[in-house]
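What you see is a predicted model; the values in this text were computed from it and never measured.
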Amino acid sequence: MDSTTILKIVDKTSLKNIGKVLPDDIRKQFLKQMNEVLKMPETTAEEIAAKHQAIQELLNKAADDTYSRTPLHTKLGSWLTAYRYQNMLSGPLTTVRNVTSGLFNTFILHPLQILGEATYDIFRHPFNPMLRDMKFSDAPKYLVSTFNNFNLAATTGIKIFKSGQLTPTTLDIGMTNSVLDNLIRAKTPKILTVVPRFMEAQDAFFSTLIGQGEKARLLAKGIDEADATE
């Protein structure tokens with residue numbers, strides 16, 4: 001997510017509340033702080049998590065009355081919207097579909113993609129293995145790492161559920177509506193956001209497994225940790 005996208009989020013937050021964008025002095029102050037956050041390193045998984053946390057805090061600050069003078073007041077209408085949205089997702093089949101999809105993507109689809117790319121590389125470079133980007137051995141390396149990182153994935157999912165923090169996936173999409181909706185939800189009573197937060201925790205769990213599996217596969221190829229983490 002770049003600075004322009006984040007500023008659009010803040011402006012849209014302001015428009016939603018008072019019908020105009022932030023004053024120039026507030027915009028300059030926010031841009032300065034935001035640029036400092038965007039310069040934070042992303043070499044390790046811990047640094048990436050810290051950067052996403054800093055972005056989250058800055059967005060929350062932009063939605064706070066003491067900073068932007070345009071707080072995200074939670075009105076009855078948004079409470080009812082949160083209630084309806086939670087009811088829509090509360091059916092057990094929704095969770096079953098989400099978990100099934102996560103399991104399929106993590107343990108079946110992605111390993112098959114690795115094997116497919118390894119097969120393609122053999123046809124591309126039949127006589128020079130050094131030029132192949134993917135190997136059949138990459139699939140088991142990926143799978144072993146996913147199983148070894150269950151605790152990390154579970155911890156990440158629990159953190160997302162408890163805090164309501166934006167997931168890295170949401171931040172990377174750069175969709176102003178999605179981020180703004182999450183900021184509004186952060187101001188909503190947690191009892192009305194249990195199911196959506198639970199769904200996001202599931203997504204965070206599986207995306208962490210896939211991410212750690214891919215990182216291990218890349219490290220095994222000799223790629224430095226910074227590039228593998230990215």
Side-chain angles (χ1 to χ4, degrees), residues 1 5-6 8-19 22 30 37 48-106 149-211:
M1 179 177 292
T5 301
I6 297 178
K8 286 181 179 179
I9 294 169
V10 179
D11 278 339
K12 192 163 185 176
T13 301
S14 181
L15 285 169
K16 188 176 182 67
N17 285 275
I18 62 174
L22 294 175
F30 180 79
V37 169
I48 290 176
K51 184 171 183 177
H52 282 298
Q53 177 66 27
I55 293 175
Q56 169 74 42
E57 291 174 355
L58 192 55
L59 289 171
N60 286 340
K61 190 175 182 181
D64 185 78
D65 192 20
T66 60
Y67 179 77
S68 67
R69 306 181 213 132
T70 58
L72 282 172
H73 296 297
T74 303
K75 301 178 182 178
L76 179 61
S78 59
W79 286 18
L80 292 175
T81 298
Y83 175 75
R84 291 197 300 268
Y85 185 59
Q86 178 157 259
N87 279 348
M88 181 181 69
L89 297 176
S90 62
L93 287 180
T94 302
T95 298
V96 170
R97 282 194 295 267
N98 199 48
V99 172
T100 301
S101 175
L103 289 170
F104 178 78
N105 290 333
T106 304
N149 282 283
F150 259 69
N151 287 339
L152 175 61
T155 300
T156 302
I158 292 171
K159 178 182 177 182
I160 294 296
F161 176 76
K162 287 183 176 180
S163 67
Q165 176 185 337
L166 299 182
T167 64
T169 302
T170 304
L171 290 172
D172 288 341
I173 289 174
M175 294 175 63
T176 57
N177 286 335
S178 297
V179 180
L180 183 59
D181 288 343
N182 276 272
L183 288 173
I184 294 173
R185 194 186 67 192
K187 305 291 183 179
T188 305
K190 285 194 172 184
I191 191 65
L192 298 176
T193 63
V194 172
V195 176
R197 285 186 289 116
F198 181 54
M199 301 289 286
E200 283 194 8
Q202 296 168 24
D203 294 340
F205 174 82
F206 290 114
S207 63
T208 300
L209 289 181
I210 293 174

Of all heavy-atom pairs linking Gly157 and Ala204, the shortest is CA-CB, 4.3 Å

Hits for side chain to side chain contact (heavy atoms under 4.5 Å, CB included) against Phe104, two or more places apart or cross-chain, chain-then-number order -> Ile108, Leu109

Heavy atoms of Ile160 and Ala201 approach each other most closely as CG2-N, 4.2 Å

Quick one: does Thr156's side chain have a donor or acceptor within less than 3.5 Å of a partner on Leu152's backbone? yes

Side chain to side chain contact (heavy atoms under 4.5 Å, CB included) filter on Gln202, not counting sequence neighbours, yields Thr95, Asn98, Val99, Phe198, Met199

Between Thr100 and Val96, the two heavy atoms sitting closest are OG1-O, 2.6 Å

task: Indicate yes or no: at least one non-hydrogen side-chain atom of Ile158 is less than 4.5 angstrom from one of Phe205.
output: no

Heavy-atom nearest pair, Lys190 first then Arg197, reads O-NH2, 3.0 Å

**Q.** Main-chain N/O of Asn87 paired to Ser90 side chain as donor or acceptor, under 3.5 Å
**A.** yes

Taken to the nearest 0.5 Å, the spacing of Thr208 OG1 from Phe150 CZ works out to 11.5 Å

